[in-house]
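Only one structure is covered here, and it is reproduced in the block below.
All chains are named by letter (A, B, ...) in the order of the sequence lines, taking the proteins before the strands, and each is independently numbered beginning at 1. This structure is a prediction, so every number in the text was calculated from the model and none was measured.
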Number of protein chains: 2
Amino acid sequence: MKFSTKGRYGLKAMFDLAVNHGEGPITLKNIAHRQDISEHYLEQLIATLRRAKLVKSVRGAQGGYMLNHPPEEITVGDIIRSLEGPVGPADCVMDADSDECSNQESCVTRLVWARIQESVNDVIDTTTLADMLEDQEKMNNKKNYMFYI
Amino acid sequence: MKFSTKGRYGLKAMFDLAVNHGEGPITLKNIAHRQDISEHYLEQLIATLRRAKLVKSVRGAQGGYMLNHPPEEITVGDIIRSLEGPVGPADCVMDADSDECSNQESCVTRLVWARIQESVNDVIDTTTLADMLEDQEKMNNKKNYMFYI
DNA sequence: TGAATTCCAAGTATTTTAGTCGGAAATATT
DNA sequence: AATATTTCCGACTAAAATACTTGGAATTCA
């Protein structure tokens, strides 16, 4: 029930871009270094994010990547789903056309999976990169307060 | 972000035992057949459930498995965790001693993973096998109603 | 005694994960 | 124009996890 490194690294990278939003293109090298991710591997992930139109790129020297939308308009769900595919605890609640389970409508365990999926979706679809930036602010304020007492 | 067959088959098997609760030992063969699971594979899973004291077994001819507690007292979380280990979207929120992430307390993505974990835990820890039996009842009632109109 | 059944330990094929490798194409700077 | 920087692209790969299978020993009921 873990996300793979795709989703986990992907969110870290996107948050990094959110922190540096508005400062022109950010190189993959810098993101990879700051977030401690293999550069070549992150390249694959960001290619997926680019195809999903979550980031845009500038090629050539002084190029790099930028968010394709303001942080308020990008949810954690957008990021995770583009990298991991549909989110959920079992196939039968993820794809509409999962014929794996023969007794679709009368399956009680399916109800449980559906509740889990719903609650995860609720979190990831209501959390934006802007929310994460706010969280960061709060953390820093608290840290500074702790430092001065 | 899927559960493996361990958790999925395990819940199905436990629900099967809940349906047949109070009717003496149920053979693995029957459970495996009804739930369409490889008998030998289910054997491994139920061994884990036995060690976790969620089921008890009766050996020999006419033997089988029974719930070790009434359905009201067994949660989906008990079952899943015994088979899958700790539940959560990333290591840093699952094990207390995950040194994977160096900046534990100031990591914003970690906050997101923590929220996801909390919401999943909430579902699986508040859903018991008895709740699932109730869901089954409701489904059957609805089906019968649909049939008669 | 014999059939049914749980218990146990190993082995294995397939898939997924988490990358690596090598180079082509584009662009800014000098 | 040359060079350095950077994205883009496709193929390859080692290691781990998944989802089993195999074979047989131990236990109990009839």
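Distance NZ (Lys2(A)) to P (dA18(C)): 7 Å, rounded to an integer number of Å. In this entry the distance linking CZ of Arg51(B) with C1' of dA9(C) reads 11 Å, nearest Å. If you take CD1 of Ile26(B) and C1' of dT6(C), they are 15 Å apart, rounded to a whole angstrom. Here dT5(C) presents its P atom at 14 Å from NE2 of His33(B), a figure rounded to the nearest Å. The OH-P distance, from Tyr65(B) to dT5(C), rounds to 12 Å in whole Å. Across the protein-nucleic acid pair, Arg8(A) atom CZ and dT17(C) atom P stand 11 Å apart, rounded to whole Å. Atom C1' of nucleotide dC7(C) and atom CG of Leu49(B) are separated by 15 Å, given to the nearest angstrom.
Heavy-atom distances under 4.0 Å link DNA chain C to no residue of residues 82-89 of chain A.
In this structure Arg81(A) satisfies the side chain to side chain donor-acceptor pair (under 3.5 Å) test together with Asn121(A), Asp125(A), sequence neighbours excluded. In this structure, the side-chain contact (heavy atoms from CB on, under 4.5 Å) partners of Lys142(A), at least two apart in sequence or on a different chain, are Met146(A). Every side chain to side chain donor-acceptor pair (under 3.5 Å) that Glu84(B) has, sequence neighbours left out, goes to Ser4(B). Listed by chain and number, the residues in a salt bridge (charged side-chain N to carboxylate O under 4.0 Å, His left out) with Asp78(B) amount to none (sequence neighbours excluded). Applying the salt bridge (charged side-chain N to carboxylate O under 4.0 Å, His left out) criterion to Asp135(B), with sequence neighbours excluded, gives Arg115(A).
Protein chain A contacts DNA chain D over a range whose 5' and 3' limits, counting nucleotides with an atom under 4.0 angstrom from a non-hydrogen atom, are dT5(D) to dA11(D).
Of the possible polar contacts, one joining the Ser82(A) side chain to the Ile79(A) backbone as a donor-acceptor pair under 3.5 Å is found. Side-chain atoms of Arg110(A) come within 3.5 Å of backbone N or O of Cys92(A) as a donor-acceptor pair.
A donor-acceptor pair shorter than 3.5 Å can be found between the side chains of Asp131(A) and Thr128(A).
Comparing the local axis fitted to the first five base pairs of the helix from dT1(C)-dA30(D) to dT30(C)-dA1(D) with the one fitted to its last five gives a bend of 10°, rounded to 10°.
A continuous path of hydrophobic side-chain contacts links Trp113(B) to Leu133(A) [ILVMFWY only; heavy atoms under 4.5 Å].
Within the structure, ring pair (Phe, Tyr, Trp, His ring centres under 6.0 Å) contacts touching residues 60-96 of chain B (residues at least two apart or in different chains) do not occur. Sorted by first and then second residue, the salt bridge (charged side-chain N to carboxylate O under 4.0 Å, His left out) pairs involving residues 49-69 of chain A (not counting sequence neighbours) form an empty list.
An OP1 or OP2 oxygen of dC7(C) is reached within less than 4.0 angstrom by a side-chain nitrogen or oxygen of Ser57(B). At the phosphate of dT17(C), neither OP1 nor OP2 sits under 4.0 Å from any side-chain N or O atom of Tyr41(A).
Comparing Lys6(A) and Val58(A) against DNA chain C, the residue whose closest nucleotide sits nearer the 5' end is Lys6(A).
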What's touching nucleotides 21-25 of chain C from the protein side, N or O pairs under 3.5 Å?
from, atom 1, to, atom 2, distance (Å)
dA25(C), N3, Arg59(A), NH2, 3.2

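Note on Leu28(A): only backbone sugar-phosphate atoms sit closer than 4.0 angstrom, heavy atoms only; bases stay farther off.
Looking at heavy atoms from C-beta onward, Met132(B) lies in side-chain contact with Val112(A) at the 4.5 angstrom threshold.
Residue-environment remark: CD (Glu118(B)) stays at or below the threshold of 12 foreign heavy atoms within 6.0 Å.
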For residues 23-47 of chain A, tabulate all N or O donor-acceptor pairs below 3.5 Å that involve a side-chain atom, not counting sequence neighbours.
from, atom 1, to, atom 2, distance (Å)
Thr27(A), OG1, Asn30(A), N, 3.2
Thr27(A), OG1, Asn30(A), ND2, 3.2
Arg34(A), NE, Asp16(A), OD1, 3.4
Arg34(A), NE, Asp16(A), OD2, 2.8
Arg34(A), NH2, Asp16(A), OD1, 2.8
Gln35(A), NE2, Asp16(A), OD2, 2.7
Ser38(A), OG, Tyr41(A), N, 3.2
Tyr41(A), OH, Thr5(A), OG1, 2.8

